[in-house]
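Predicted model only: the values in this text are computed from it and were never measured. The residues of the chain are indexed from 1 along the displayed sequence.
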Amino acid sequence: MQNPRDAIIAITHRCNARCTMCNIWQSQAADVLMPEHMDRLPRDLATINITGGEPFLRGDIVDFVARCRKRCPRATITISSNGILTEQICRAMPLLIKADPRVRLAISIDGIGAAHDEIRGRSGTFEHARELIESLVAGGYRGLRLSMTISDKNVRQLQAVAEMADSAGLELGVVAAHAGATHLHVTKVDRPKVEDDSRRAFERVAAGWLKSWRMKNWLRAHFLSGTYLRLIGGRKHFRCRAGRDFFFLQADGTVHSCSVLGRAMGNIIACEWNEIWSGAAANDARAFSTRCHEACWMICTARSVYRQQPIRAILWMARAKALAHLGLFRLPETLEHRQCE
């Protein structure tokens with residue numbers, strides 16, 4: 001069985017936010033995963049996302065990054081953070097950059113001001129994140145990006161967050177809120193009502209990226225269109241590669257096929273990687289992924305789709321880019337009226 005390309009690694013269950021779309025902060029599970037366990041990762045990973053909980057609550061986060069970099073020399077390592085621990089993160093960044101000069105940091109922004117605070121369940125979280133972003137940009141750090149999770153609480157905030165990212169010269173990743181029994185302890189997510197003004201905001205943001213001359217922006221527009229389709233009830237139109245192309249590693253050491261409805265494949269603390277990846281539990285998890293009807297659209301699944309269906313994505317981008325330059329790019333009001341899928 002070929003080794004995976006992408007890994008999501010939650011190094012802690014603890015979180016200092018109380019987000020409306022995530023219940024991990026209620027977890028009582030212990031953080032058993034340690035930096036030395038990264039020595040058991042498959043060496044040929046292309047991407048590693050270090051997350052939590054809030055990963056900067058771990059005092060040894062620099063050690064995690066250093067171990068991942070040594071074990072997986074070709075991987076792009078991204079840390080996902082809510083940005084609340086502004087001073088702590090600023091102190092850690094020089095050490096993180098020393099451990100991995102290419103390390104990236106994704107800060108969550110789910111709205112502007114009070115809108116962000118409401119979703120994150122704590123007052124002042126937006127200001128903490130804003131101060132962190134401004135400090136890192138002023139310091140010349142080039143690995144920073146913003147991340148937005150869209151739910152029924154903030155679907156109208158997309159345009160404002162996109163403008164914030166653009167004014168700071170930062171990339172913005174936009175993903176729909178997903179239920180996540182494996183990781184987030186959320187079994188149901190209410191689908192937002194995407195009205196005309198929200199749909200037009202998606203169109204404006206996507207069209208702006210399509211008009212640029214960076215292919216990465218065209219891919220971001222394609223991903224954003226997939227996020228929009230997820231929000232209006234889109235169905236799965238690709239074969240899930242969870243447990244094949246990517247996996248999720250929980251802070252208790254359990255390797256899952258994915259973070260949403262993932263099946264346990266083994267424990268990296270107790271077992272060597274080949275034993276986990278080639279075992280009966282892993283085969284069962286992959287069989288479940290093939291049968292799964294959940295229409296997940298996240299970075300990990302999207303990467304697999306782009307590898308599986310590159311021509312389809314390229315054709316979408318070519319057509320959508322032409323329409324954007326003509327001022328004609330549109331997203332469907334309903335799933336029965338798709339223009340660029």
Side-chain angles (χ1 to χ4, degrees), residues 1-15 24 27-81 96 99-100 103-104 180-185 240-289 292 296 298-301 303-304:
M1 182 67 194
Q2 185 176 348
N3 271 329
R5 298 285 305 279
D6 310 306
I8 304 168
I9 303 175
I11 63 174
T12 182
H13 297 91
R14 294 177 291 148
C15 194
I24 196 170
S27 174
Q28 300 298 314
D31 296 338
V32 184
L33 197 67
M34 301 300 291
E36 56 264 31
H37 298 134
M38 302 301 96
D39 295 346
R40 294 190 171 185
L41 293 173
R43 291 183 179 275
D44 47 358
L45 286 174
T47 71
I48 298 173
N49 178 213
I50 296 177
T51 184
E54 170 50 48
F56 281 95
L57 288 172
R58 291 282 305 237
D60 51 2
I61 187 172
V62 175
D63 295 331
F64 270 99
V65 170
R67 291 275 190 163
C68 287
R69 169 53 58 230
K70 183 177 180 180
R71 178 67 175 176
C72 308
R74 292 185 295 274
T76 298
I77 302 172
T78 301
I79 304 170
S80 295
S81 171
L96 288 165
D100 177 15
V103 69
R104 302 178 66 190
T182 303
H183 179 44
L184 304 181
H185 308 298
C240 181
R241 300 283 298 177
R244 294 180 176 86
D245 289 354
F246 60 92
F247 66 92
F248 169 67
L249 175 56
Q250 185 60 281
D252 64 1
T254 306
V255 177
H256 297 271
S257 49
C258 77
S259 62
V260 178
L261 294 174
R263 296 300 190 259
M265 306 171 77
N267 192 291
I268 204 168
I269 298 171
C271 303
E272 295 294 336
W273 179 258
N274 287 340
E275 183 182 352
I276 295 170
W277 201 243
S278 302
N283 291 331
D284 290 344
R286 286 188 276 268
F288 174 81
S289 298
C292 182
C296 295
M298 300 180 289
I299 296 297
C300 51
T301 52
R303 286 194 183 104
S304 291

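- By the 4.0 Å N-to-carboxylate-O rule, R67 lies close enough to D39 to be salt-bridged with it.
- Annotation: cation-pi pair R40/W277 absent, no NZ/CZ under 6.0 Å from the ring centroid and within 45° of its normal.
- A distance of 8.0 Å separates CG of D44 from CD of Q2, quoted to the nearest 0.5 Å.
- Residues R286 and S257 are not in side-chain contact: their nearest non-hydrogen atoms beyond the backbone lie 4.5 Å or more apart.
- Minimum heavy-atom separation, R69 to C72: NH1-O, 2.9 Å.
- Here CD1 of I269 is found 4.5 Å from NE2 of H37. Values are rounded to the nearest 0.5 Å.
- Of all heavy-atom pairs spanning T254 and N267, the tightest one is N-ND2, 3.5 Å.
- The minimum heavy-atom distance linking G243 with M265 is given by the pair O-CE, 3.9 Å.
- D6 is linked by a side chain to side chain donor-acceptor pair (under 3.5 Å) to T47, R307, counting only residues two or more places apart in sequence or in another chain.
- In this structure, the side chains of R58 and P35 come closer than 4.5 Å at one or more pairs of heavy atoms.
- Using a 4.5 Å heavy-atom cutoff, the side chains of R71 and R43 are in contact.
- The shortest side-chain heavy-atom distance between M38 and L249 falls under the 4.5 Å cut-off.
- Across all their heavy atoms, P42 and P4 have their closest contact at CG-CG, 4.1 Å.
- Under 3.5 Å, the side chains of N49 and T51 contain no donor-acceptor pair of N or O atoms.
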(message) Could you walk me through whether S81 and E54 satisfy the side-chain contact (heavy atoms from CB on, under 4.5 Å) test, starting with their C-alpha distance in whole Å, then the side-chain angles of each, then the deciding distance to 0.1 Å, before giving a yes or no?
(response) CA-CA 6 Å; S81 171; E54 170 50 48; 3.0 Å; yes
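- Counting only heavy atoms from C-beta outward, the side chains of F246 and R303 never approach each other to under 4.5 Å.
- With sequence neighbours left out, A7 forms a side chain to side chain contact (heavy atoms under 4.5 Å, CB included) with I9, L45, F247.
- Using a 4.5 Å cut-off on side-chain heavy atoms (C-beta onward), I268 and L33 make contact.
- I276 and C271 get closest at one heavy-atom pair: CG1-CB, 3.7 Å.
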(request) Check the pair I48 / F64 against side-chain contact (heavy atoms from CB on, under 4.5 Å), numbers first and verdict last. (result) CA-CA 11 Å; I48 298 173; F64 270 99; over 6 Å; no
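- Between R14 and L57 the shortest heavy-atom distance is NH2-O, 3.1 Å.
- When the side chain to side chain donor-acceptor pair (under 3.5 Å) test is applied to T78, no partner is found at least two apart in sequence or on another chain.
- Within the 4.5 Å cutoff, the side chain of C292 has no heavy atoms near those of the C240 side chain.
- For the atom pair OG (S259) and CE (M298), the distance works out to 4.5 Å, reported to the nearest 0.5 Å.
- The residue from T76, V62, I79, I77 that alone fulfils the side chain to side chain contact (heavy atoms under 4.5 Å, CB included) condition with D100 is I77.
- To the nearest 0.5 Å, atom OG1 of residue T12 and atom CD1 of residue I24 are 7.5 Å apart.
- For the pair D31 (side chain) and H13 (backbone), a donor-acceptor distance under 3.5 Å is present.
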